[in-house]
Amino acid sequence: MTAPMTAGADVAFQASARFAFFDYFRVPYRVGVMPPTGRSAPRVGSMLGELRPAGGPAGRGLFWVRSASRRATRAGLFELAGFPIAGRVVPDDVVRRELLPDATGWRRAEPVCDPARRPVASVWRDETGGVLLPFDPGELMTTLWSERYRELLTGPATAVVRRLALRGYYLVRPALPRPVQLRLRRAFTAVQGRATFPRWPVEDALHDLYGWLFAELDRLAGTPVPWLDLWPNGRSWALVLTHDVETAAGWQSRLLLRDPEREFGLRSSWNLVAERYQVDDAMLRELRQEGCEIGVHGLRHDGRDLGSRRLLRRRGPAMQAAARRWDAVGFRSPATHRRWEWMPQLGFEYDSSSPDTDPYEPQPGGCCSVLPFHNTDLVELPITLPQDHTLFILLDQPDGALWLEKLARIRAMGGMALVLTHPDYAGDPRVPAAYRSLLAEAAADPEVWPALPREVADWWRRRAASDLRPDGLGGWLVAGPAAGTGRVRLGGTGPTPPATPTAVAGQ
């Protein structure tokens with residue numbers, strides 16, 4: 001789990017409480033008692049946190065509503081500076097009454113609006129350059145990562161009904177012939193494609209929030225804010241290739257996807273079902289000798305692993321036994337079923353069951369992130385390119401143009417392009433052809449870090465356990481497990497991304 005940067009005598013910022021945005025990007029700051037803010041500043045206390053540049057003047061800082069405070073907040077999906085945010089915000093009247101009762105010079109600046117574009121809160125500013133956020137940035141981040149925004153949009157009761165419907169579908173699915181299953185799924189795509197959040201095939205909400213916050217902090221500090229780069233050795237983005245093998249036939253068809261990887265010198269991860277088919281040990285050895293990884297893809301691929309806590313407890317030991325047999329440290333849930341609170345209980349080092357955005361899965365939604373993140377001690381690696389099953393089986397796309405467009409977007413954002421393909425569907429000639437084009441495009445970029453999922457998870461842990469410290473020359477150096485491979489970045493999260501990939505016709 002990410003820890004606050006509290007070590008070292010010299011830091012870029014000081015704060016009255018943990019600031020999750022700094023923890024995530026490894027900005028050097030210290031948590032402690034702050035000097036008095038003065039009469040013109042907001043009232044810092046249990047409801048409000050403050051941070052300011054180290055050595056900066058009292059009162060000229062960034063103030064945020066701490067997530068621990070739930071008084072007089074409004075929860076939902078909102079818009080700030082043209083991008084969506086999801087979580088709880090404090091209305092203007094509460095800010096004025098409880099946080100700014102004695103402060104002078106503060107004014108409403110950027111509005112925070114509801115989906116009907118009605119202002120419900122504001123970002124406040126004063127003449128000294130201070131800013132007050134009516135939300136907790138860390139809570140907004142976690143609300144998206146955990147997909148709790150779905151309950152904000154539909155209500156807890158609707159979320160329960162959807163989980164029950166999903167469980168019912170997987171109970172009757174074995175009785176449905178495969179062509180019937182596909183007809184039902186294809187018919188339902190017209191309904192699923194109407195979802196407005198997260199947008200598909202790209203949802204920039206988190207990336208936009210990061211960029212907005214960095215701009216605020218750069219302005220506050222008067223200089224670009226230092227942080228620990230996202231990828232090791234100065235690489236600007238990451239490529240992660242994964243395959244889910246659903247059936248014995250898929251296992252026998254693996255070379256349709258593995259051969260083009262070999263052509264470009266790339267490795268991949270193969271997620272296998274523990275008790276659905278036999279896995280030949282010799283074939284496993286061959287993959288490992290080539291540097292590939294094996295992961296666990298559920299117990300029987302019947303959609304029931306996460307159906308209830310009781311089933312999870314009963315099936316967990318068998319999945320862990322398969323993990324030990326295959327030397328696997330990663331998990332992907334069949335049909336990308338996921339429950340935020342339950343995933344760490346699976347006992348793996350990383351999980352890759354959450355898409356960044358996907359309305360077409362049996363469990364639609366997504367974490368809105370093209371970067372890894374922590375769920376307690378578990379590293380979550382989002383699936384960030386549309387699945388081959390979605391593009392070619394459900395939406396009947398003629399080629400992989402959408403893959404290439406989104407790859408360009410992720411590369412521009414400095415993100416992780418995590419690809420999920422299935423050898424079970426590689427008999428369709430569009431799949432291996434599009435996959436080869438994707439690999440050719442990615443492998444031609446010298447800035448890419450082609451990595452296995454376990455390598456990304458290991459790096460993300462080392463990065464989260466590292467600090468930035470002064471180098472004695474006016475700059476910063478990386479200290480901790482990422483020293484030697486980590487790099488220091490200054491200000492912002494990367495170049496402006498290109499235009500949004502074209503939506504599929506009819507969406």
Side-chain angles (χ1 to χ4, degrees), residues 182 185-186 189 192-193 198-204 237-246 250 253-271 292 332 335-336 352 355-361 364 366 370 381-413 415-445 447-453 497-507:
L182 288 177
R185 291 286 305 277
R186 287 168 178 156
T189 58
Q192 293 175 307
R199 293 168 293 182
W200 190 86
V202 173
E203 177 51 74
D204 287 333
W237 64 288
L239 175 72
V240 183
L241 306 177
T242 72
H243 309 288
D244 289 355
V245 184
E246 297 183 353
S253 301
R254 68 193 180 283
L255 295 182
L256 292 173
L257 300 176
R258 180 66 192 129
D259 280 348
E261 294 170 355
R262 288 170 174 154
E263 179 182 348
F264 294 102
L266 297 171
R267 304 166 298 153
S268 55
S269 175
W270 297 77
N271 298 312
C292 290
R332 176 171 293 132
T336 65
S352 186
D356 65 329
T357 174
D358 193 338
Y360 300 109
E361 281 292 275
V370 295
L381 306 179
I383 305 161
T384 58
L385 263 65
Q387 294 188 39
D388 53 351
H389 180 266
T390 299
L391 287 187
F392 301 107
I393 307 301
L394 295 184
L395 301 178
D396 197 27
Q397 291 293 288
D399 54 37
L402 195 64
W403 267 351
L404 296 178
E405 290 179 25
K406 188 167 184 184
L407 183 76
R409 183 62 166 265
I410 292 172
R411 181 165 50 188
M413 291 191 291
M416 174 182 66
L418 193 148
V419 188
L420 167 54
T421 51
H422 302 75
D424 299 82
Y425 311 130
D428 183 329
R430 294 174 297 178
V431 175
Y435 189 55
R436 189 189 182 283
S437 296
L438 178 71
L439 299 182
E441 178 69 19
D445 188 347
E447 296 296 314
V448 68
W449 179 37
L452 295 174
T500 303
T502 305
V504 172
Q507 304 307 311

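Below, all heavy atoms of this structure are taken into account, side chains as well, without hydrogens, waters or symmetry copies.
Residue S253 forms a side-chain contact (heavy atoms from CB on, under 4.5 Å) with just one option from L257, L256, L255, and that option is L256.
Annotation: side chain to side chain donor-acceptor pair (under 3.5 Å) contacts of D388 (sequence neighbours excluded): H422. Residues forming a side chain to side chain donor-acceptor pair (under 3.5 Å) with R436 (at least two apart in sequence, or on another chain): E263. Evaluation of the side chain to side chain contact (heavy atoms under 4.5 Å, CB included) rule for D396 yields R430 as partners, not counting sequence neighbours. Remark: D358 engages no residue in a side chain to side chain donor-acceptor pair (under 3.5 Å) (not counting sequence neighbours). Residues satisfying the side chain to side chain contact (heavy atoms under 4.5 Å, CB included) test with L439, not counting sequence neighbours, are L241, P260, E261, F264, L266, Y435. Residues that satisfy the side chain to side chain contact (heavy atoms under 4.5 Å, CB included) test with R254, not counting sequence neighbours, are W251, W270, M283. Listed by chain and residue number, E455 satisfy the side chain to side chain donor-acceptor pair (under 3.5 Å) test with R267 (two or more places apart in sequence, or in another chain). For D399, the salt bridge (Lys or Arg N to Asp or Glu O under 4.0 Å) test picks out no residue, with sequence neighbours left out.
Of all heavy-atom pairs spanning P386 and L402, the tightest one is CG-CD2, 4.4 Å. In terms of heavy-atom proximity, P201 sits nearest to T357 at O-CG2, 3.5 Å. Across all their heavy atoms, P382 and D356 have their closest contact at CB-N, 4.4 Å. Here the closest non-hydrogen pair linking V240 and L452 is CG1-C, 4.3 Å. Across every non-hydrogen atom of P364 and P359, the tightest pair is CB-O, 3.5 Å. Across all their heavy atoms, A335 and E361 have their closest contact at O-OE1, 3.4 Å.
Although no hydrogens or angles enter the test, the distance criterion places no donor-acceptor pair under 3.5 Å between the side chain of E441 and the main chain of S437. K406 contributes a side-chain N or O that, together with a main-chain N or O of T384, makes up a donor-acceptor pair within less than 3.5 Å. Between the side chain of W237 and the backbone N or O of A412 there is no donor-acceptor pair closer than 3.5 Å.
Residues in residues 416-426 take part in no salt bridge (charged side-chain N to carboxylate O under 4.0 Å, His left out) pair, two or more places apart or across chains.
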Before giving the answer on side-chain contact (heavy atoms from CB on, under 4.5 Å), spell out for R258 and C292 the whole-Å C-alpha distance, their side-chain angles and the decisive distance to 0.1 Å. CA-CA 10 Å; R258 180 66 192 129; C292 290; 3.6 Å; yes

With side-chain contact (heavy atoms from CB on, under 4.5 Å) as the criterion, how do L407 and V419 come out once you've worked through the C-alpha distance, each side chain's angles and the decisive distance to 0.1 Å? CA-CA 10 Å; L407 183 76; V419 188; over 6 Å; no

With side-chain contact (heavy atoms from CB on, under 4.5 Å) as the criterion, how do Q387 and D244 come out once you've worked through the C-alpha distance, each side chain's angles and the decisive distance to 0.1 Å? CA-CA 10 Å; Q387 294 188 39; D244 289 355; 5.8 Å; no

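Taken to the nearest 0.5 Å, the CD1 atom of I410 stands 9.0 Å off from the CG atom of L418.
Considering only heavy atoms from C-beta on, L394 comes within 4.5 Å of H389 through its side chain. A heavy-atom distance below 4.5 Å is not found between the side chains of L420 and L385.
Between Y360 and W200, the ring planes are perpendicular. Angles over 60° get that label, and only those under 30° would be called parallel.
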